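First comes the structure, then the notes that go with it.
Source: prediction; values computed, not measured. Along the sequence shown, the residues carry numbers beginning at 1.
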Amino acid sequence: MSLKKYTLKRVNQETGFTKKAIDEARFIINYKNELNAAQYEAASAVEGSYLIIAGAGTGKTRTLVYRVSRLIESRYDPRSILLLTFTRKAANEMMNRATVLLDNRCSKILGGTFHSFANATLRRYSKAAGVDPSFTILDQGDNEDVINLIRSQAGFITKEKRFPNKKTLNKVFSFSVNTNRKVEDIIEESYPHFFDQIDNILDIQKVFVDYKRRNNLLDYDDLLVYLRDFLTDPSNKARALLSSIKFVMVDEYQDTNKLQADIVNGLTQISKNIMVVGDDSQSIYSFRGANYKNILEFPNLFRDVQIIKLEQNFRSTQSILNFANHINDRAVEKYTKVLYSKHEMGELPQIVATANENLQSKFIVDKILELREENVPLQEIAVLFRSSYFSFDLEIELNKANIPYQKFGGMKFVETAHIKDVLAFLRIAANPKDVVSWYRVLLLHEGVGPKTAQKILDELATARLTIKANPESITSFKYSDKLGALFQLLYELHTKKELPSEKVQRVFNYYHPLFKAAYDDWNKRSKDLEIFHNITENYKSLDTFLSDMAIEPIIDSVVDISPEDKEEEYITLSTIHSAKGLEWHSVFIIHVVDGFFPSNRAAESLEQLEEERRLMYVASTRAKKNLFITYPMNLFDREAGTTLSKPSRFISDITKELAEGWLLDDEEF
């Protein structure tokens, strides 16, 4: 019997897959010519573990798109490529761009969010995953309704003790699942005033989990939990799925939480081919449970990780990048990277100190009008802030100057419930016939429901009750002492000749206990009230103040803007969190004051302080041509009055080589 000669093929011992010799000449796309060196290195990576550190504006999406295309051109099955993103929009954009770049094969890759992939996987492998394939998915509102049903049951809530509302409970339960932290630790840290109710809270969580299981319901967090458990089951029930996935790619890896990182680890048990893309310096979502240490510790979780850094920025001038690099250099834990640009050096960033907050707003308005005269479209101008309430004073000045704007991330001033409450008191003082404001104020009081409120409104309409006369002279007043105090307050607000700021102080003194009773997170909302009081300092007339507060409602999301609206000019007001991934010709970062940015609370923790630094980095790298950082030197505090503020520690050591310093006082305007 003649024996045939058998030649052993070279096999990748890690994966068991035959290494493919890649002939660059047969590719339709010339990857080397279309990408810079670092991008090409990342796009041409095939088997192994890769961490792509993609600095701001360095073309990470482009790099991922070209890698998908190159893998397919290398004759890998598109259905063996899994691309996980954080939004459906991002996944669709990458797949569409890859399809345009190469061909329709790119549309066949497994692409989507963590949740959409989990949903599809659990339904397909339901028996192995231990779920009924007909499960119903609960959204956030559904979750809150279920929790409210449970919390309303006998034994959980009493009139003697305050109990967290459905939104708070849902937020705590979800945060616990996504961060692998105990509910009791989260309550103690963020809601200490509810810690004496911890046993009831934990009981509700148990009932909630059991309710979902019994009724075949999965919420967004459950999708990830069941997927993780399916992937990491010791009996290897997921082997069929894992064997079909040859390449796993994850976008924005710095935003993953503990649960998502476990899923990524589980997905690569067989193939070992993993590429994550992200920027540790842009990890700013810890409040959602994201853990930036996932990206820092990635090289320790996978074998022979190759780190590729994308540092060429295609967005900003070098002057802006020098400023951003300086901010990032001071970070305690980071992947060292230096952003550079082939654009011109450009104008230095400007750090502008103003005498007070109102002058800060007037400077920004003045500069926006100046930029507009220089033919910079309003759509190319953005004002960014750490917290939504930082823009309240600016919104008033923009309206006065008739400059249109859209605000994203946080509610507009008059749309926040607690600000609406305070305004209602003032509107009654200005117009005792304001039925809407009366109704709002009355319902703030314990024991006053819609029926009682309507009776009082009827008596006000017939003048049997009034705030034009001292309540002490109304002998027929038959309501509680609490409402007697309310009528006394409104009488004084209506009749006394005081400045708006003095009237607001009266309202605050009365409103504070109602405020604490109405909002679980009153301690966080308190800063809004301080800013509100600060704004009233600029007014001498209550009528003028209330007129300026009558701001038109805004559209909540860019997605909701109709095509007609897109053609209209407006500047963007945005929290830094909502601005991530976006860019503008000219950017203002406002209220860059120690105690506000970073906040006093953040300064107490190194981890929180470092996240605030990353916020500053993200904000500054949104600018293409002009960057303005502003801060008021004097701020109003309810307890201390007007106090001298200090520039944020993030900009206090900026040298004249990195930024120009300007000082504005009252004489400038």
Using side-chain heavy atoms (C-beta onward) and a distance below 4.5 Å, is Ile467 in contact with Leu489? no
Using the side chain to side chain contact (heavy atoms under 4.5 Å, CB included) rule, take Leu444 and Phe425 through it: C-alpha gap first, then chi angles, then the decisive distance, then the call. CA-CA 11 Å; Leu444 285 171; Phe425 286 94; 4.1 Å; yes
Using 30° and 60° as the class limits, which term best fits the ring planes of Phe532 and Phe508: parallel, tilted or perpendicular? tilted
So, Lys407 and Ser391: side-chain donor and acceptor under 3.5 Å apart, yes or no? yes
For Asn600 and Glu604, run side-chain hydrogen bond (donor to acceptor under 3.5 Å, both in side chains): C-alpha distance rounded to whole Å, both residues' side-chain angles, the deciding distance at 0.1 Å, then the answer. CA-CA 7 Å; Asn600 284 325; Glu604 297 171 2; over 6 Å; no
Sequence-distant partners of Arg506, salt bridge (charged side-chain N to carboxylate O under 4.0 Å, His left out), two or more places apart: Glu492, Glu498
Partner set under side chain to side chain donor-acceptor pair (under 3.5 Å) for Asn265, not counting sequence neighbours: none
Any side-chain hydrogen bond (donor to acceptor under 3.5 Å, both in side chains) pairs touching residues 609-619, not counting sequence neighbours? Ser286-Glu611, Arg386-Glu612, Glu610-Arg613
Name all residues meeting the salt bridge (charged side-chain N to carboxylate O under 4.0 Å, His left out) criterion together with Asp196; count only those two or more places apart in sequence or in a different chain, and write none if there are none. none
With sequence neighbours excluded, residues passing salt bridge (charged side-chain N to carboxylate O under 4.0 Å, His left out) with Lys293: Glu607
Which heavy atom of Val587 sits nearest to which heavy atom of Ala619, and what is that distance? CG1-O, 4.2 Å
Measuring only between side-chain heavy atoms, which start at C-beta, is Phe408 closer than 4.5 Å to Thr575? no
Distance-only, no hydrogens or angles: does the Tyr226 side chain make a donor-acceptor pair with backbone N or O of Val131 under 3.5 Å? no
Residue set satisfying side chain to side chain donor-acceptor pair (under 3.5 Å) with Asn119, at least two apart, ordered chain then number -> Arg123
Expected output: side-chain Thr536 to main-chain Pro500 donor-acceptor under 3.5 Å: no
So does Arg649 pair up with Asp594, basic N to acidic O under 4.0 Å? yes
Decide whether Ser281 and Asn328 meet the rule of one side-chain donor and one side-chain acceptor closer than 3.5 Å. yes
Should we count NZ of Lys212 as having more than 12 external heavy atoms under 6.0 Å? yes
Listed by chain and number, what are the side chain to side chain donor-acceptor pair (under 3.5 Å) partners of Asp520, not counting sequence neighbours? Arg162, Asn165, Thr168
Run the ring pair (Phe, Tyr, Trp, His ring centres under 6.0 Å) test against His577 and tell me which residues pass, sequence neighbours left out. Tyr285, Phe287
Compare all side-chain heavy atoms of Leu259 with those of Val225 and state whether any distance is below 4.5 angstrom. yes
Ion pair Asp210/Lys206, N-O distance below 4.0 Å: no
Closest approach of Ser574 to Ala579 (non-hydrogen atoms, all atoms of both residues): OG-N, 3.6 Å
Tell me if a side-chain donor or acceptor on Asn356 pairs with a main-chain N or O of Asn634 at a distance below 3.5 Å. no
Between Ile576 and Val618, which heavy-atom pair has the shortest distance, and what is it? CG2-CG1, 4.0 Å
Any side-chain heavy atom of Leu426 sitting closer than 4.5 Å to one from Lys503? yes
How far apart are the C-alpha atoms of Asp221 and Ser174, what are their side-chain angles, what is the distance that settles it, and do they pass the side-chain hydrogen bond (donor to acceptor under 3.5 Å, both in side chains) test? CA-CA 7 Å; Asp221 299 332; Ser174 178; 2.7 Å; yes
Taking only Lys NZ, Arg NE, NH1 and NH2, and the carboxylate oxygens of Asp or Glu, determine whether Glu144 and Lys171 approach each other closer than 4.0 Å. no
Could you go step by step and tell me if Leu609 and Phe650 meet the side chain to side chain contact (heavy atoms under 4.5 Å, CB included) rule? CA-CA 10 Å; Leu609 185 61; Phe650 302 144; 4.2 Å; yes
Taking the side chain as everything from C-beta on, heavy atoms only, tell me whether Leu84 gets closer than 4.5 Å to Thr113. no
Using the rule side chain to side chain contact (heavy atoms under 4.5 Å, CB included), only one of Val277, Val264, Asp279 pairs with Tyr253; which is it? Val264
Partner set under side chain to side chain donor-acceptor pair (under 3.5 Å) for Ser190, not counting sequence neighbours: none
Quick one: list whatever passes ring pair (Phe, Tyr, Trp, His ring centres under 6.0 Å) with Phe390, sequence neighbours left out. His591, Phe596
Please name the pair of heavy atoms, one in Gln360 and one in Pro632, separated by the smallest distance, quoted to 0.1 Å. OE1-CD, 3.4 Å
Could you check whether any side-chain N or O of Ser645 sits under 3.5 Å from a backbone N or O of Met633, counting only pairs where one atom can act as donor and the other as acceptor? yes
Could you work out, with ring pair (Phe, Tyr, Trp, His ring centres under 6.0 Å) as the rule, every residue matching Phe194, not counting sequence neighbours? none
Please report the C-alpha distance between Val593 and Lys646 in whole Å, then the side-chain angles of each, then the deciding distance to 0.1 Å, and finally whether the side chain to side chain contact (heavy atoms under 4.5 Å, CB included) criterion is met. CA-CA 6 Å; Val593 176; Lys646 294 194 306 183; 5.8 Å; no
Has Ser620 got a side-chain atom pairing as donor or acceptor with Ala324's backbone, closer than 3.5 angstrom? no
Between Glu357 and Asp393, is there a side-chain heavy-atom distance shorter than 4.5 Å? yes
Hey, does Asn170 have a side-chain heavy atom less than 4.5 Å from the side chain of Val146? no
Distance in Å, Asn178 CG paired with Leu224 CG, rounded so as to fall on 0.5 Å steps: 6.5 Å
Hey, are the side chains of Leu169 and Ile204 touching, using non-hydrogen atoms and a 4.5 Å cut-off? yes
Please lay out, stage by stage, how Arg181 and Glu189 fare under the test salt bridge (Lys or Arg N to Asp or Glu O under 4.0 Å). CA-CA 11 Å; Arg181 291 182 61 197; Glu189 179 182 302; 3.1 Å; yes
Tell me if the aromatic rings of Tyr511 and Trp522 count as close, with their centers under 6.0 Å from one another. no
Can you name the closest pair of heavy atoms from Ala290 and Asp255 and give their distance? CB-O, 3.3 Å
Is the Tyr510 ring parallel, tilted or perpendicular to the His445 ring (thresholds 30°, 60°)? tilted
Stepwise side chain to side chain contact (heavy atoms under 4.5 Å, CB included) check, Leu493 with Val507: CA-CA 8 Å; Leu493 289 173; Val507 173; 3.7 Å; yes
Are Asp329 and Lys334 ion-paired here, with the side-chain N under 4.0 Å from a carboxylate O? no
Which heavy atom of Leu443 sits nearest to which heavy atom of Val448, and what is that distance? CD2-O, 3.6 Å
Set of residues satisfying ring pair (Phe, Tyr, Trp, His ring centres under 6.0 Å) with respect to Phe230, sequence neighbours excluded: Tyr125
Within the 6.0 Å centroid threshold, strictly below: Phe114 and Phe86: yes
